[in-house]
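Throughout, protein chains are lettered first and strands after them, A, B, ... in sequence-line order, and every chain is numbered starting at 1.
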Amino acid sequence: MFTYYLKLGLLSIRANPALSSLMVAAVAIGIGACMTIVTVRHVMSDNPIAHKNDVLYHVQVDNWNPADPYQDPDLPPEQMAYIDAKALYDADRAFRQTTSYKTSRIIQPDGDDARPFTLDVRATTADFFPMFDVPFAYGAGWDRASDRNEERVAVLSWELNEQLYGGEDPVGQMLTVNGEPYRIAGVLDEWTPVPKFYDLNNNPYGAPEQLYLPFSLAVANNFNRSGNTSCWKPVEDGGPEAFLASECIWIQMWIELRDASEKQDYMRFLDAYVEEQKLLGRFPRPLNNRLHTPEEWLEYQEVVDDTVGILLSLAVLFLVVCLLNTIGLLLAKVMRRAKDISLRRALGASKSTLFAQYIIEAGMIGAAGGLLGIVMTWLGLRGIEQLFIEYDFIEHLVRMDWSMVLLAVALAVLSALAAALYPTWRACNITPASQLRIQ
Amino acid sequence: MLRMNSVSKVYRTDTVETHALREFSLSVEEGEFVSVTGPSGSGKTTFLNIAGLLEELTDGSYELDGRDISSLNDRERSRVRNEKIGFIFQSFNLIPELDIFDNVDVPLRYRGLKSAERRRRVERCLELVGLASRMKHLPAQLSGGQQQRVAIARALAGEPRFLLADEPTGNLDTHMADSVMELLAEINAGGTTIIMVTHELTLADRAKRNIFVRDGNVSDGYGSDASPELHFASAANA
Ligand SMILES: Nc1ncnc2c1ncn2[C@@H]1O[C@H](COP(=O)(O)OP(=O)(O)OP(=O)(O)O)[C@@H](O)[C@H]1O
Ligand SMILES: [Mg+2]
């Protein structure tokens, strides 16, 4: 019977091409608007490191101004001062740990006529790569010894390797960075975590850095800070050393802990560390240490903008309007088909049989609307891309995956079914003879 | 097998109340061929629709095959329509987007028959009405007489015990009307009970029994006061 209904549905859609296309279009536009926003939201609020969410933690300690919390209500700073980052890193109490910041360097490509260029660099530590499951195409990251020895080693992004070495394996070759030779230790595979969870302070939707260098080396050689830096008290005179000794925050620290007891131990360790620092006259605010999982951290940082939420409700409203339209169109269709309905009733179709037939037809309209809606969503995302073309983050937003496609079709079918309920009910209640009388 | 007792049917709109049938009582036995005549608006179609469970009655009782119809729910009524009753309408009422085969197939689908059985029945009925060669045609590609024969095939496909025909020849010329009448007589000879509304007394005469409806009431024969003028008026109405 189901295939029979499908056939009848197809025939009926073919018999009313104008009405049917209008309905498909109404569903498609509504779904397209909704899915565009849902996709943007989905991507923006995605947790790219979800599979390690239960072992990774972002570390916060509160070294801020006693008179004025970093952020109301009494939230600790988002980044860390160098003294704390170094002390916590050196204490080596976590299974893995990384301190990092964003900087920039000048690359001098090989070849006589090649021009030097500046790029974004992440100064980080050896554990960064295994902690965040960063994929490698060639070679590997550096080890902790390289950190300790402030070695000149480099890890390149896939894109940078394409640019400099045409995608060939460059491991072991030397790369000239600000005039100094660096040994290339590895090249990443394509890796674009969106949002860039490990550093939400500096454009969470930006592309990841193109080059990775040891944190210790960067600090020792006073590499510039191209990310956010905040200070609550003036830095004393005395050059780079004074800045490193200051309470200014600019470093992101992440640790990996394998279970709850490790987490408990680490919390205790953090508290002890801060208490000890208090004795030395630092940390004037009450104890306020925090460990956040990536998911908590994304939420804490309110990465998903409020406007997206507003847009989403508008889009849902739009979908509702489109569905109301569909209801009207379906009613018109029912009226046009009243004769067919009353004839089928006369020939023995019960109300429930007819209900099944028309609901399946509506489902088909919905499915068609959903498929077209996917095209609309794609167009919508292109539109958003064009609108925000100057922000480089947008290119990562505009991707649709299978779950989105399925969601779109399911939503469309459900919407169409919902819209069809009333018109179908009306259809089933047409008296069998009423339309056959009129000759 | 069909027993109506004091059936009345009132159509109510916001402003008017039409008594289409009043105290309508009639019995029809198995195998009868009954013609129904009467002036326009007298309630013939209403009677047929109620007999065919297409409309509910306002008052009175109706038994079909010994079952009180008022006790049936929608599903059961639909089933009775589907299995026991075949309809033939004046305006054929074929589904334009379905081909001839699929049109005849419709009641069988609702019956839930297996595909092979459906095919067998559809082909046999189309042969009976002489249209087996047109199975893949759409209704619009057939003449009026052919369309009515398709409608008859559709009515017969379910092997109903009852055939209800509302002016089955009303849209046909005399020649075609004749062939349809012959077909109906043949079907009746096979044991199917037929009730046929018609305006044409010559056709009504071919039935074994004639009933006359006037003002929503019924009498056997062409009415007690059946005058030539009335016959004339009825025929002119067709
Ligand atoms: N759906 C309806 N609503 C209101 N009144 C109706 C409706 N159907 C029929 N009637 C009225 O009921 C009465 C009987 O109608 P019916 O169609 O049964 O007459 P008929 O004998 O079949 O006439 P005709 O020979 O012209 O077909 C008429 O007065 C008609 O106007
Ligand atoms: Mg009539």
Closest contact, heavy atoms only, [X] versus [Y]:
X: A/S350; Y: B/S78; answer: CA-OG, 3.1 Å
X: B/Y110; Y: A/L347; answer: CD1-O, 4.4 Å
X: A/L343; Y: B/F89; answer: CD1-CE1, 3.8 Å
X: B/E97; Y: A/L11; answer: O-CD2, 3.9 Å

Sub-4.5 Å side-chain heavy-atom contact between B/V106 and A/R344: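 Yes - at least one pair of side-chain heavy atoms lies under 4.5 Å apart.
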
Minimum side-chain heavy-atom gap B/D74-A/R345 below 4.5 Å: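 The answer is yes; the side chains approach within 4.5 Å.
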
Greater than 12 external heavy atoms within 6.0 Å of [X]'s [atom1]:
X: A/H51; atom1: NE2; result: yes
X: B/R120; atom1: CZ; result: yes
X: B/K136; atom1: NZ; result: yes

Closest-packed option against chain B by number of heavy-atom pairs under 4.5 Å, given A/A15, A/S12, A/G348: A/G348

A/K7 side, atom NZ; B/R109 side, atom CZ - distance, nearest 0.5 Å: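 The distance works out to 6.0 Å.
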
Interatomic distance, A/T353 atom OG1 to B/N82 atom CG [nearest 0.5 angstrom]: 9.0 Å

Winner by heavy-atom pair count (cut-off under 4.5 Å) against chain A, out of B/R111, B/R75, B/R79, B/E83: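 Maximum pair count with chain A is reached by B/R75.
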
Per-residue contact mode, A/R14 against chain B (heavy atom under 4.5 angstrom): neither

A/A349 versus chain B, the contacting section by heavy-atom distance below 4.5 Å: both

Interchain contact, B/R77 with chain A, by part (heavy-atom threshold 4.5 Å):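 It is neither, since no heavy atom gets under 4.5 Å.
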
